[in-house]
Asker: 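Sharing a structure with you now.
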Amino acid sequence: MVDQPHPTQGPDGPNEATRLLLRIRDGDEAAVDQLLPLVYEQLRRIANGYFRDQPVDHTLQPTALVHEAFLKMIHRSDAAWSSRNHFLAVAARAMRQILTDHARGKGRSKRGSNPERVPLEKLATPSGGDELDILELERALTQLAELDPRQAKIVELWFFAGLTAEETAAVLDISDRTVRREWRHARAWLNKILVDGRA
């Protein structure tokens, strides 16, 4: 599962990113250019995780997805990031929305006539090579969010944003034990929806 720490840009990377986010939130435009290098690699990992769901000739590429999501988030009038991890959590959601809108715009509800369905337990990391249909996944996560918003958020943070269990726990203000337990429940539920077509 995804629970290995991720490298940062130097030992002070996460703290410096948090300071810059607070400056951006307070209207400091100069901090925007300083922030991107500190979060780019993590944003790229998130984008690459989503792109395992896409065909190789997809018209939207990971770099474009990173930049579109970054600009969308930086220019939000309601931005209230409390930390780098919180920012990455919002980034994961923004990328998911961008890809879903792109897939809907292209009319791609399926890739081919018989897309492969892969259980989530086989997806060890956000950069795994197994395929998922992005629109089916979006529908399943939306349904999960209606049933259990916290479990949906855990999937978004741990699986897609690539945060560790401990980082996910910090963002949600719960214990990492709770994160692991809720992840198991959420994964089992999503497997039934995505693989069997039923909850």
Side-chain angles (χ1 to χ4, degrees), residues 1-2 42-62 64-66 68-73 76 78 85-163 165 168 171-172 174 178-199:
M1 290 305 130
V2 182
Q42 184 72 59
L43 292 175
R44 180 74 186 204
R45 273 194 294 273
I46 297 168
N48 286 340
Y50 278 121
F51 269 81
R52 71 159 171 258
D53 306 327
Q54 305 299 316
V56 292
D57 63 345
H58 196 286
T59 56
L60 184 64
Q61 295 301 311
L65 179 60
V66 166
E68 186 173 341
F70 183 79
L71 291 173
K72 180 177 182 180
M73 292 158 48
R76 285 179 56 166
D78 62 341
N85 286 343
H86 183 206
F87 178 81
L88 294 173
V90 176
R93 174 167 291 183
M95 289 185 197
R96 188 177 124 207
Q97 290 171 342
I98 291 165
L99 276 176
T100 300
D101 290 346
H102 185 79
R104 285 186 180 130
K106 288 288 189 179
R108 287 184 186 159
S109 61
K110 296 185 185 299
R111 292 184 313 279
S113 60
N114 187 24
E116 183 181 0
R117 295 175 183 266
V118 179
L120 284 182
E121 66 257 19
K122 290 186 180 177
L123 302 175
T125 71
S127 59
D130 294 309
E131 295 182 349
L132 287 171
D133 185 287
I134 191 71
L135 292 182
E136 287 185 16
L137 179 59
E138 175 64 21
R139 283 190 288 270
L141 284 174
T142 299
Q143 195 175 347
L144 178 60
E146 291 170 358
L147 297 171
D148 194 314
R150 187 167 74 182
Q151 285 187 6
K153 180 60 75 176
I154 287 169
V155 172
E156 203 164 63
L157 294 174
W158 191 357
F159 188 72
F160 291 110
L163 300 186
T168 299
V171 170
L172 298 179
I174 57 178
T178 299
V179 167
R180 294 173 194 279
R181 183 182 67 244
E182 296 280 313
W183 162 254
R184 288 192 297 270
H185 292 307
R187 188 180 64 185
W189 188 89
L190 286 169
N191 277 329
K192 288 180 181 177
I193 290 289
L194 293 168
V195 179
D196 301 331
R198 59 180 176 78

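All heavy atoms count here, side chains included; hydrogens, waters and symmetry mates do not.
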Asker: Kindly give the heavy-atom pair with the smallest separation between L144 and A186, and that separation in Å.
Answerer: CD2-CB, 4.1 Å
Asker: Counting C-beta onward and ignoring hydrogens, is there a side-chain heavy-atom pair between E138 and Q97 closer than 4.5 Å?
Answerer: no
Asker: Can you name the closest pair of heavy atoms from E156 and A92 and give their distance?
Answerer: O-CB, 3.9 Å
Asker: Starting at CZ of R150, measure out to NE2 of H185 and round the result to the nearest 0.5 Å.
Answerer: 10.5 Å
Asker: Within the structure provided, determine whether R93 and K153 are in side-chain contact (heavy-atom separation under 4.5 Å).
Answerer: yes
Asker: I need the L141 CG to E146 CD distance, nearest 0.5 Å.
Answerer: 11.5 Å
Asker: To the nearest 0.5 angstrom, please state how far the CZ atom of R184 sits from the CD atom of E182.
Answerer: 9.5 Å
Asker: For A47 and P62, which heavy atoms make the closest approach, and how far apart are they?
Answerer: CB-O, 3.9 Å
Asker: Tell me the closest heavy-atom pair linking A140 and L190, and the distance in Å.
Answerer: CB-CD2, 3.7 Å
Asker: So, does T178 use its side chain to make a donor-acceptor pair with the main chain of I174 at under 3.5 Å?
Answerer: no
Asker: Judged by atom type as modelled, is there a donor-acceptor pair below 3.5 Å linking the side chain of N191 to the main-chain atoms of R187?
Answerer: yes
Asker: Only one of D148, V171, T168 passes side-chain contact (heavy atoms from CB on, under 4.5 Å) with I154; say which it is.
Answerer: T168
Asker: Quick one: CG on D101 to CD1 on I98, what's the gap to the nearest 0.5 Å?
Answerer: 8.0 Å
Asker: Check the pair E68 / M95 against side-chain contact (heavy atoms from CB on, under 4.5 Å), numbers first and verdict last.
Answerer: CA-CA 8 Å; E68 186 173 341; M95 289 185 197; over 6 Å; no
Asker: So Q143 and I193, do their side chains get closer than 4.5 Å, heavy atoms only?
Answerer: yes
